[in-house]
> 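The structure follows.
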Amino acid sequence: QVQLLESGGGLVQAGESLRLSCAASGSILNINTMGWYRQPPGKQRELIADISSSGTTNYADSVKGRFTISRDNAKNTVYLQMDSLKPEDTAVYYCNAAMAVVTLPFLREYWGKGTLVTVSS
């Protein structure tokens, strides 16, 4: 079974850092773009950063300069380094990946179950 498993969420104070990880596992043929979304309480899910298979990155304005996305293709893992965290960064963070797998050999989106990040003031 193909899955994306996030880790690294938690409770931190404003100004501190956290690093999220997301590992893809299963019968994977190919992973294209990987990304991180977040959903603050009572709000819609939004894209905050993504990274192509070749390493091209894209960031939402709200996190540019504070968050860094990276990936390890050998480990099928994407990371999100979050620095200078603010209370408004509080959200459930979801991993997303466009993958082709053995049972569905064409690119489609997969989602992790999410990890909660809480930033206190």
Side-chain angles (χ1 to χ4, degrees):
Q1 183 176 356
V2 176
Q3 63 175 355
L4 295 173
L5 184 61
E6 301 106 333
S7 61
L11 172 63
V12 296
Q13 292 189 332
E16 294 184 339
S17 298
L18 274 178
R19 189 191 195 210
L20 305 183
S21 300
C22 172
S25 62
S27 301
I28 299 168
L29 296 174
N30 177 45
I31 304 178
N32 198 337
T33 299
M34 303 184 81
W36 289 95
Y37 287 69
R38 70 184 180 189
Q39 187 165 16
K43 296 185 179 180
Q44 291 187 333
R45 192 176 299 189
E46 60 178 354
L47 172 66
I48 55 171
D50 61 24
I51 183 168
S52 71
S53 56
S54 61
T56 300
T57 58
N58 173 55
Y59 295 94
D61 288 343
S62 59
V63 305
K64 206 171 288 184
R66 299 188 298 121
F67 291 9
T68 303
I69 189 170
S70 61
R71 65 190 283 174
D72 185 333
N73 291 331
K75 295 182 179 179
N76 291 336
T77 299
V78 62
Y79 305 96
L80 186 68
Q81 177 66 40
M82 305 185 293
D83 298 321
S84 303
L85 282 161
K86 304 175 182 180
E88 51 263 44
D89 295 319
T90 295
V92 177
Y93 284 70
Y94 295 92
C95 177
N96 171 276
M99 300 192 293
V101 302
V102 170
T103 52
L104 288 171
F106 52 87
L107 288 175
R108 55 154 287 190
E109 286 194 4
Y110 291 82
W111 291 90
K113 293 183 178 180
T115 185
L116 178 62
V117 172
T118 304
V119 184
S120 64
S121 56

> Using the rule that Ile, Leu, Val, Met, Phe, Trp and Tyr join whenever any side-chain heavy atoms are under 4.5 Å apart, tell me whether Val12 and Tyr79 fall into a single cluster.
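No; tracing contacts between hydrophobic side chains, which count when under 4.5 Å, never links both residues.
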> For the pair Leu80 and Ile48, evaluate side chain to side chain contact (heavy atoms under 4.5 Å, CB included) and give the outcome as yes or no after the intermediate values.
CA-CA 10 Å; Leu80 186 68; Ile48 55 171; 3.7 Å; yes
> Which side-chain N or O atoms in residues 14-30 pair as donor and acceptor under 3.5 Å with protein atoms at least two apart or in another chain?
unit_1: Glu16; atom_1: OE1; unit_2: Gln13; atom_2: N; d: 3.0
unit_1: Ser17; atom_1: OG; unit_2: Asp83; atom_2: OD1; d: 2.8

> Rounded to the nearest 0.5 Å, how far apart are CE of Met34 and CG of Asp72?
10.0 Å
> Would a hydrophobic clustering, with Ile, Leu, Val, Met, Phe, Trp and Tyr connected at side-chain separations under 4.5 Å, put Tyr37 with Val63?
no
> Go through Asp50 and Leu47 one step at a time and tell me if the side chain to side chain contact (heavy atoms under 4.5 Å, CB included) criterion holds.
CA-CA 8 Å; Asp50 61 24; Leu47 172 66; 3.7 Å; yes
> Under the side-chain contact (heavy atoms from CB on, under 4.5 Å) test, which residues partner Thr57, sequence neighbours left out?
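side-chain contact (heavy atoms from CB on, under 4.5 Å) check on Thr57 returns Ile51, Tyr59, Ile69.
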> What distance separates Lys64 NZ from Arg66 CZ, expressed to the nearest 0.5 Å?
12.5 Å
> How far apart are the closest heavy atoms of Gly9 and Val117, and which atoms are they?
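That closest heavy-atom pairing would be CA-CG2, 4.1 Å.
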> Show which side-chain atoms of residues 90-113 pair as donor or acceptor with protein atoms under 3.5 Å away, not counting sequence neighbours.
unit_1: Thr90; atom_1: OG1; unit_2: Pro87; atom_2: O; d: 2.9
unit_1: Thr90; atom_1: OG1; unit_2: Val119; atom_2: N; d: 2.9
unit_1: Thr90; atom_1: OG1; unit_2: Val119; atom_2: O; d: 3.4
unit_1: Tyr93; atom_1: OH; unit_2: Arg38; atom_2: NH1; d: 3.0
unit_1: Tyr93; atom_1: OH; unit_2: Asp89; atom_2: O; d: 2.6
unit_1: Asn96; atom_1: ND2; unit_2: Glu109; atom_2: OE1; d: 3.2

> Kindly say whether Thr77 contributes a backbone atom to a donor-acceptor pair with the side chain of Arg71 at under 3.5 angstrom?
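No, Arg71 side chain to Thr77 backbone: no donor-acceptor pair under 3.5 Å.
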> Got a second to check how far Ser52's OG is from Ile31's CD1, nearest 0.5 Å?
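It comes to 13.0 Å.
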> Say you draw a straight line from CH2 of Trp36 to CE of Met82; how long is it, rounded to the nearest 0.5 Å?
8.0 Å
